[in-house]
Asks: 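First, the structure itself, so that you have it in front of you.
Just so you know, these numbers use all the heavy atoms, side chains as well, and skip hydrogens, waters and symmetry mates.
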Amino acid sequence: MDSTALLSMMILTCLGILVVAALAKPLRLLLRFCLSAIGGTALLFLCGKIGICVGINMITILIAGVLGIPGILGLILCSIFL
């Protein structure tokens, strides 16, 4: 292997590491949001099964994804008192 190919591989490896490092935090935040939204939707669905009717739509899913458990509790309390 000549020195030009070796240098090219080293540069591409360093660029790949930089790209992965730059995208790690946004991807982690997106994964956390998706897991929270899925879990919140499942919890709202289960609340509907026991008689607490909370509509499941894009707004409630976004609230569950962004706010997590406090957001879900807020949605449940709003549905009870309103």
Side-chain angles (χ1 to χ4, degrees):
M1 188 178 274
D2 62 344
S3 62
T4 306
L6 183 62
L7 183 62
S8 297
M9 285 178 45
M10 289 173 55
I11 290 173
L12 287 175
T13 303
C14 289
L15 285 175
I17 291 171
L18 286 174
V19 167
V20 168
L23 293 178
K25 188 169 183 175
L27 288 177
R28 187 173 60 226
L29 289 174
L30 180 64
L31 179 66
R32 185 175 177 181
F33 169 78
C34 289
L35 290 176
S36 183
I38 290 169
T41 304
L43 188 60
L44 290 176
F45 180 75
L46 290 175
C47 286
K49 291 290 187 183
I50 63 171
I52 303 171
C53 294
V54 178
I56 299 176
N57 53 37
M58 288 304 292
I59 301 299
T60 57
I61 292 172
L62 285 173
I63 290 172
V66 171
L67 299 177
I69 297 294
I72 295 167
L73 292 176
L75 288 170
I76 292 169
L77 287 175
C78 285
S79 73
I80 291 171
F81 293 115
L82 297 178

Asks: Keeping to residues at least two apart or across chains, list the side chain to side chain donor-acceptor pair (under 3.5 Å) pairs with something in residues 16-38.
Replies: none
Asks: Side-chain heavy atoms under 4.5 Å apart, restricted to Ile/Leu/Val/Met/Phe/Trp/Tyr: what other residues fall into the cluster of Leu23, or is it alone?
Replies: Val19, Leu27
Asks: In a table with atom names and distances, give each donor-acceptor pair under 3.5 Å that connects a side chain of residues 5-16 to protein atoms at least two apart or in another chain.
Replies:
unit_1: Ser8; atom_1: OG; unit_2: Thr4; atom_2: O; d: 2.9
unit_1: Thr13; atom_1: OG1; unit_2: Met9; atom_2: O; d: 2.7

Asks: According to the side chain to side chain donor-acceptor pair (under 3.5 Å) rule, which pairs have a member within residues 64-82, sequence neighbours left out?
Replies: none
Asks: List in chain and number order the residues that pass side chain to side chain contact (heavy atoms under 4.5 Å, CB included) with Leu31, two or more places apart in sequence or in another chain; answer none if no residue qualifies.
Replies: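 Side chain to side chain contact (heavy atoms under 4.5 Å, CB included) list for Leu31, sorted by chain: Leu35.
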Asks: Which pairs of donor and acceptor atoms, one on a side chain in residues 39-65, lie under 3.5 Å apart (sequence neighbours left out)?
Replies:
unit_1: Thr41; atom_1: OG1; unit_2: Ala37; atom_2: O; d: 2.7
unit_1: Asn57; atom_1: OD1; unit_2: Ile59; atom_2: N; d: 3.1
unit_1: Asn57; atom_1: OD1; unit_2: Thr60; atom_2: N; d: 3.0
unit_1: Asn57; atom_1: OD1; unit_2: Thr60; atom_2: OG1; d: 3.3
unit_1: Thr60; atom_1: OG1; unit_2: Gly55; atom_2: O; d: 3.1
unit_1: Thr60; atom_1: OG1; unit_2: Asn57; atom_2: N; d: 2.9
unit_1: Thr60; atom_1: OG1; unit_2: Asn57; atom_2: O; d: 3.0

Asks: For the hydrophobic clusters of this structure (ILVMFWY residues joined by side-chain heavy atoms under 4.5 Å, transitively), does one cluster hold both Ile72 and Ile80?
Replies: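 Ile72 clusters together with Ile80.
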Asks: Supply the members, apart from Ile38, of the Ile/Leu/Val/Met/Phe/Trp/Tyr cluster built from side-chain contacts under 4.5 Å; use none for a lone residue.
Replies: none
